[in-house]
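Here's the structure, in structure tokens; my notes come after.
First listed ligand is number 1; within each ligand, the first listed atom is number 1. Nothing fancy with the numbering, it's 1 onward along the sequence. Everything numeric here is computed off the predicted structure, so don't read it as measured data.
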Amino acid sequence: MSRAHNFCAGPAALPEAVLQRAQAEMLDWQDKGLSVMEMSHRSADYVAIAEQAEQDLRDLMQIPDHYKVLFMQGGASQQFAQIPLNLLPEGKVADYIDTGIWSRKSSQEAARFGQINIAASGKELDYFGIPEQSQWQLTPDAAYVHYASNETIGGVQFNWVPQTGEVPLVVDMSSDILSRQINVADFGMIYAGAQKNIGPSGLVVAIIREDLLGQARAICPTMLNYQTAADNGSMYNTPPTYAWYLAGLVFQWLKEQGGVAAMEARNREKQALLYSAIDQSELYNNPVALNARSWMNIPFRLADERLDKAFLVGAEARGLLNLKGHRSVGGMRASIYNAVDIHSVQALVDYMREFEKEQA
Ligand SMILES: *Cc1c(COP(=O)(O)O)cnc(C)c1O
């Protein structure tokens, strides 16, 4: 068996140790004679798996007790609708910060349900940077302020947390949750689709301050109401049981690695290795402002786009997979989430240098 270096933006690489454990437990979970996939979500065994996953996430992120942790379906994109349905009462305004494709999608969806204000936009910076908060036009009594901490496609990341006073901050952390330390209490709500830094797709994790529950619109479907999930331990209906179990295995793996602080140190090293290779070369270029460069998703272009194809073919021959940039951006993109080891980044950097030499 040989495992490739997978730089996919999502669904993304998972820790090999987690896949091995899932494999070992696949047919017969802890001598119970059945797979986790085949268990009732109401069984004591499964409930224990689910509760352990939540507890491990709480430990990893030091989530305060007055926050609920919800495991839901529909991905981050469904949250784009769920957030206004739950948190934007009639007559109120929600502020959105537009820094790229994902935050734009979230604001466009929210606009279907209520009044929103684009309080700041990266447009003037060609979406290669993040406007400073001093330039934001925040609504004083907004229902919430929404932003995406990491724009997975543009490779633009906040390295600071907006200050919104009493107005709850709602953040899409799909592609950088658990990659560096944060203070959960800075946020009203954090949400993340699982398939970047948590586990397989089909699951979204939301961390919500309890006082924000219970204000959903009357038309909000039962299944989309956070209160429903909170009141039922995220098991109002059948949850994505296997994805939740795998997320739990990833949380255990993260703890074994030393937790979020250890991941932050590794991620710092990984991104420095790749950005310095890009910056030192004549061939590769990353256009993002230095203070907004993503640690997780690193887009880069070749000086001559006619070389793109040869670059990708050579990469694939070396087991460096999924480096093609998003169709809207072009060029290349390396996603180096928690599960991507520094050896994979080193293999990429070695190849980039060799490819550049070949062009000389
Ligand atoms: C991937 C991603 C999404 C969309 O996630 P789905 O689970 O596919 O809906 C939303 N926001 C960000 C920041 C993402 O990276």
Side-chain angles (χ1 to χ4, degrees), residues 6-14 70-86 94 96-112 116 121-122 127-128 130 144-159 161-162 169-180 182 187 189-207 223-224 226 229 234 239-240 242-244 246-247 250 267 271 288 292-299 322 324-329 333-340:
N6 184 6
F7 299 98
C8 193
L14 285 164
L70 308 178
F71 292 81
M72 296 178 287
Q73 309 192 36
S77 300
Q78 185 167 282
Q79 293 305 311
F80 298 167
Q82 268 183 269
I83 289 163
L85 281 168
N86 280 274
Y96 277 76
I97 312 304
D98 165 39
T99 53
I101 288 175
W102 289 117
S103 55
R104 197 158 339 121
K105 280 196 166 172
S106 64
S107 66
Q108 284 167 348
E109 183 71 0
R112 297 163 52 93
I116 64 137
S121 171
Y127 294 102
F128 292 143
I130 292 169
Y144 58 85
V145 176
H146 178 282
Y147 77 112
S149 52
N150 184 57
E151 286 282 0
T152 317
I153 294 170
V156 170
Q157 185 175 27
F158 279 76
N159 65 6
V161 176
L169 195 52
V170 176
V171 62
D172 178 354
M173 262 188 209
S174 293
S175 49
D176 64 352
I177 193 168
L178 294 164
S179 68
R180 51 168 81 169
I182 58 152
F187 302 91
M189 172 177 170
I190 296 167
Y191 67 100
Q195 68 274 23
K196 279 67 181 248
N197 236 352
I198 293 179
S201 60
L203 177 73
V204 61
V205 175
I207 302 163
M223 274 292 293
L224 301 189
Y226 296 140
S234 303
Y242 199 73
W244 190 337
L246 271 179
V250 171
N267 289 327
Q271 59 85 30
V288 177
R293 280 179 157 185
S294 171
W295 286 18
M296 294 283 104
N297 311 97
I298 303 185
N322 294 312
K324 195 173 181 346
H326 190 267
R327 57 189 184 278
S328 66
V329 178
R333 172 176 51 171
S335 296
I336 52 172
Y337 301 116
N338 284 345
V340 177

Inset, instruction - Identify, with sequence neighbours excluded, every residue that meets side chain to side chain donor-acceptor pair (under 3.5 Å) alongside Ser234. - result: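 Side chain to side chain donor-acceptor pair (under 3.5 Å) check on Ser234 returns nothing, list empty.
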What does the contact table look like for ligand 1 (nitrogen or oxygen on each side, cut-off under 3.5 Å)?
from: ligand 1; atom 1: 7 (O); to: Ala76; atom 2: N; distance (Å): 3.1
from: ligand 1; atom 1: 7 (O); to: Gln195; atom 2: NE2; distance (Å): 2.9
from: ligand 1; atom 1: 8 (O); to: Gln195; atom 2: NE2; distance (Å): 3.3
from: ligand 1; atom 1: 9 (O); to: Ala76; atom 2: N; distance (Å): 3.2
from: ligand 1; atom 1: 9 (O); to: Ser77; atom 2: N; distance (Å): 2.8
from: ligand 1; atom 1: 9 (O); to: Ser77; atom 2: OG; distance (Å): 2.6
from: ligand 1; atom 1: 11 (N); to: Asp172; atom 2: OD2; distance (Å): 2.6
from: ligand 1; atom 1: 15 (O); to: Thr152; atom 2: OG1; distance (Å): 2.4
from: ligand 1; atom 1: 15 (O); to: Lys196; atom 2: NZ; distance (Å): 2.7

Legend entry - Gln73 (side chain) donor-acceptor with Val204 (main chain) under 3.5 angstrom: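 Flag not set: sc Gln73 to bb Val204 has no pair under 3.5 Å.
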Inset, instruction - Using modelled atom types only, decide if a donor and an acceptor are shared between the side chain of Gln82 and the backbone of Leu224 within a distance under 3.5 Å. - result: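 Side chain of Gln82 to backbone of Leu224: a pair is present.
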Inset, instruction - Identify, with sequence neighbours excluded, every residue that meets side-chain contact (heavy atoms from CB on, under 4.5 Å) alongside Asn322. - result: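 So Asn322 forms a side-chain contact (heavy atoms from CB on, under 4.5 Å) with Asn6, Cys8.
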Legend entry - Any Phe7 side-chain heavy atom under 4.5 Å of Ile298 side chain: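 They are not in contact (no side-chain heavy atoms under 4.5 Å apart), so the answer is no.
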Under 3.5 Å, side-chain donor or acceptor atoms of residues 171-178 against the rest of the protein: list the pairs with distances, not counting sequence neighbours.
from: Asp172; atom 1: OD1; to: Ser174; atom 2: N; distance (Å): 3.0
from: Asp172; atom 1: OD1; to: Ser174; atom 2: OG; distance (Å): 2.7
from: Ser174; atom 1: OG; to: Gly193; atom 2: N; distance (Å): 3.1
from: Ser175; atom 1: OG; to: Asn150; atom 2: O; distance (Å): 3.3
from: Ser175; atom 1: OG; to: Asn150; atom 2: ND2; distance (Å): 2.9
from: Ser175; atom 1: OG; to: Thr152; atom 2: OG1; distance (Å): 2.7
from: Asp176; atom 1: OD1; to: Ser149; atom 2: OG; distance (Å): 2.7
from: Asp176; atom 1: OD2; to: Ser149; atom 2: OG; distance (Å): 3.2
from: Asp176; atom 1: OD2; to: Gln157; atom 2: NE2; distance (Å): 2.8

